[in-house]
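In what follows, every chain begins at residue 1, and chains take the letters A, B, ... in the order their sequences are listed.
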Number of protein chains: 2
Amino acid sequence: MRIGELSKLSNTPTRSLRYYEEQGLIVPRRLENGYREYDPYLIDRAIQIRGLIDSGVPTKIIALILPCLDKPRGIVPDDIQPELLAILRDEREKMTQRIDFLTRNRDSIATYIDAADAALARRTAGTAA
Amino acid sequence: MRIGELSKLSNTPTRSLRYYEEQGLIVPRRLENGYREYDPYLIDRAIQIRGLIDSGVPTKIIALILPCLDKPRGIVPDDIQPELLAILRDEREKMTQRIDFLTRNRDSIATYIDAADAALARRTAGTAA
DNA sequence: TTTGACCTTCACACTAGTGTCAACCATTTA
DNA sequence: TAAATGGTTGACACTAGTGTGAAGGTCAAA
């Protein structure tokens, strides 16, 4: 498919898709007329990249970890560099911290929303009575 | 405490603390000489803000939700605006999505790391034998 | 064949957050 | 008193990611 269709299907601006290409995250083939041609499996990939960026993971890190996430489970190249492994460990830690932070704050917001809903329900009931 | 101490204790650059102030997230009192004076409880707050920013939550949203998170559990002002409530619901949803994204990708990374460790251990054992 | 939709690259601008430096004021200590 | 340390504001720069528009090529349909 071409960039416009991928944009719709992945809900990602074409501008961003071109930027991802510039960063080496999604590099499509080119048709003879110069148009970008994307394979269907790249829809999920675009969504994944968007999600990671939105969650605070910079594209340079994404570029590093994407190849690892692509492999089938348990498949690791023989020439895995210890540097990359260190980066991966570091990123795993950062992501865990982000998850904890987001979870705590989301739960607090949820509690507040619930309390607000309850208060509103009480007030509405009181008004109706 | 003054800004330098808060910076150390919260592991946040003074530049960022001043920026948070500019965004209305942490507005300290001022001493007679113009110095910012922070209360100790703001250490956690600074850490919280840093964590949220790092997780992709913009300061404008943080400014909206912070007051809600400050309240003791279940305390909601009588004049809660439905707009704010809508924003909160939206943000709760976004944070949930971020958490899901991060969790999935982190788990994939973790699996990859484990596989790499196992492969490395095998190779080391083989070399040693 | 011309319109319209979609594609190309290039470039400028903008927001968010942070780094950094300049010029200056305050407080403490040698 | 002079130096060191740490505070102040203001400005400029930079990265990351995206918006947007110009100028032009491609292709299908009217």
Side-chain angles (χ1 to χ4, degrees), chain A residues 1-39 42 45-66 87 91 94-95 97-98 101-102, chain B residues 1-39 42 45-66 87 91 94-95 97-98 101-102:
Chain A
M1 78 192 72
R2 293 178 314 193
I3 197 169
E5 193 177 354
L6 177 60
S7 172
K8 280 175 197 156
L9 294 177
S10 66
N11 198 26
T12 308
T14 59
R15 179 67 173 90
S16 299
L17 293 173
R18 296 197 183 95
Y19 178 70
Y20 300 164
E21 179 178 354
E22 194 180 319
Q23 302 302 308
L25 302 183
I26 295 184
V27 181
R29 308 179 269 113
R30 292 300 182 119
L31 299 177
E32 294 187 351
N33 56 14
Y35 288 13
R36 292 170 176 81
E37 177 71 10
Y38 296 90
D39 290 330
L42 292 174
R45 188 163 183 139
I47 294 173
Q48 183 184 26
I49 292 171
R50 259 202 321 113
L52 286 172
I53 288 178
D54 185 61
S55 302
V57 183
T59 53
K60 292 183 183 175
I61 298 295
I62 297 177
L64 288 176
I65 66 183
L66 264 189
I87 293 174
E91 208 54 29
K94 280 185 188 167
M95 292 171 86
Q97 285 180 9
R98 286 195 186 106
F101 258 106
L102 286 170
Chain B
M1 79 191 72
R2 293 178 313 192
I3 197 171
E5 194 176 354
L6 176 61
S7 173
K8 280 175 197 156
L9 293 177
S10 66
N11 198 28
T12 307
T14 59
R15 179 65 174 89
S16 298
L17 292 173
R18 296 198 182 95
Y19 178 70
Y20 300 163
E21 178 177 354
E22 194 180 319
Q23 302 303 308
L25 302 182
I26 295 184
V27 181
R29 307 179 269 114
R30 294 298 181 123
L31 299 176
E32 296 187 352
N33 56 14
Y35 287 13
R36 291 168 176 84
E37 177 72 10
Y38 295 90
D39 289 330
L42 292 174
R45 187 162 183 141
I47 294 173
Q48 184 184 26
I49 293 172
R50 260 202 321 114
L52 287 172
I53 288 178
D54 185 61
S55 302
V57 182
T59 53
K60 291 183 183 173
I61 298 295
I62 297 177
L64 287 177
I65 65 182
L66 264 188
I87 293 175
E91 207 54 30
K94 280 186 188 165
M95 291 171 86
Q97 284 179 9
R98 286 196 186 104
F101 258 106
L102 286 170

Phosphate-side-chain proximity, [X] and [N], N/O vs OP1/OP2 below 4.0 Å:
| X | N | value |
| --- | --- | --- |
| A:K60 | D:dT15 | no |
| A:R50 | D:dT18 | no |
| B:Y20 | C:dG17 | no |
| B:R30 | D:dT9 | yes |

Please tell me which of the listed nucleotides, [options], lies nearest to the side chain of [X]?
| X | options | value |
| --- | --- | --- |
| A:N33 | C:dT8, D:dT9, D:dT26 | D:dT26 |
| A:Y19 | C:dT8, D:dG17, D:dT8 | D:dG17 |
| A:S16 | C:dT18, C:dG17, D:dG19 | D:dG19 |
| B:I53 | D:dT9, C:dC7, C:dG17 | C:dG17 |
| B:Y35 | D:dG7, D:dG17, C:dT18 | D:dG7 |

Report task. Name the nucleic acid region contacted by B:T14, choosing base, sugar-phosphate or nothing; use a 4.0 angstrom heavy-atom cut-off, strictly under. Result ->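 The residue B:T14 makes no contact with any strand.
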Requested in this report: Measure distances between side-chain N and O atoms of A:R15 and base N and O atoms of D:dT20, and say whether any donor-acceptor pair falls under 3.5 Å.
Outcome: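 Yes, the side chain and the base share a sub-3.5 Å donor-acceptor pair.
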**Report entry** Atom pair distance, as rounded to whole Å: CZ in A:R2 and P in D:dT26
**Finding:**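 Computing the A:R2:CZ to D:dT26:P distance gives 13 Å.
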Query raised in the report: What integer distance in Å separates B:M1:CE from D:dG6:C1'?
Result: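 That distance rounds to 16 Å.
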Query raised in the report: Closer to the 5' end of DNA chain C via nearest nucleotide, is it A:E5 or B:P13?
Result: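 Looking at the nearest nucleotide for each, A:E5 comes out on the 5' side.
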Query raised in the report: Are side-chain heavy atoms of B:R50 and B:N11 found at a separation under 4.5 Å?
Result: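 Contact flag for B:R50/B:N11 side chains = yes.
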**Report entry** Nearest heavy-atom neighbours spanning A:Y38 and A:R2
**Finding:**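 Heavy atoms of A:Y38 and A:R2 come nearest at CD1-C, 4.1 Å.
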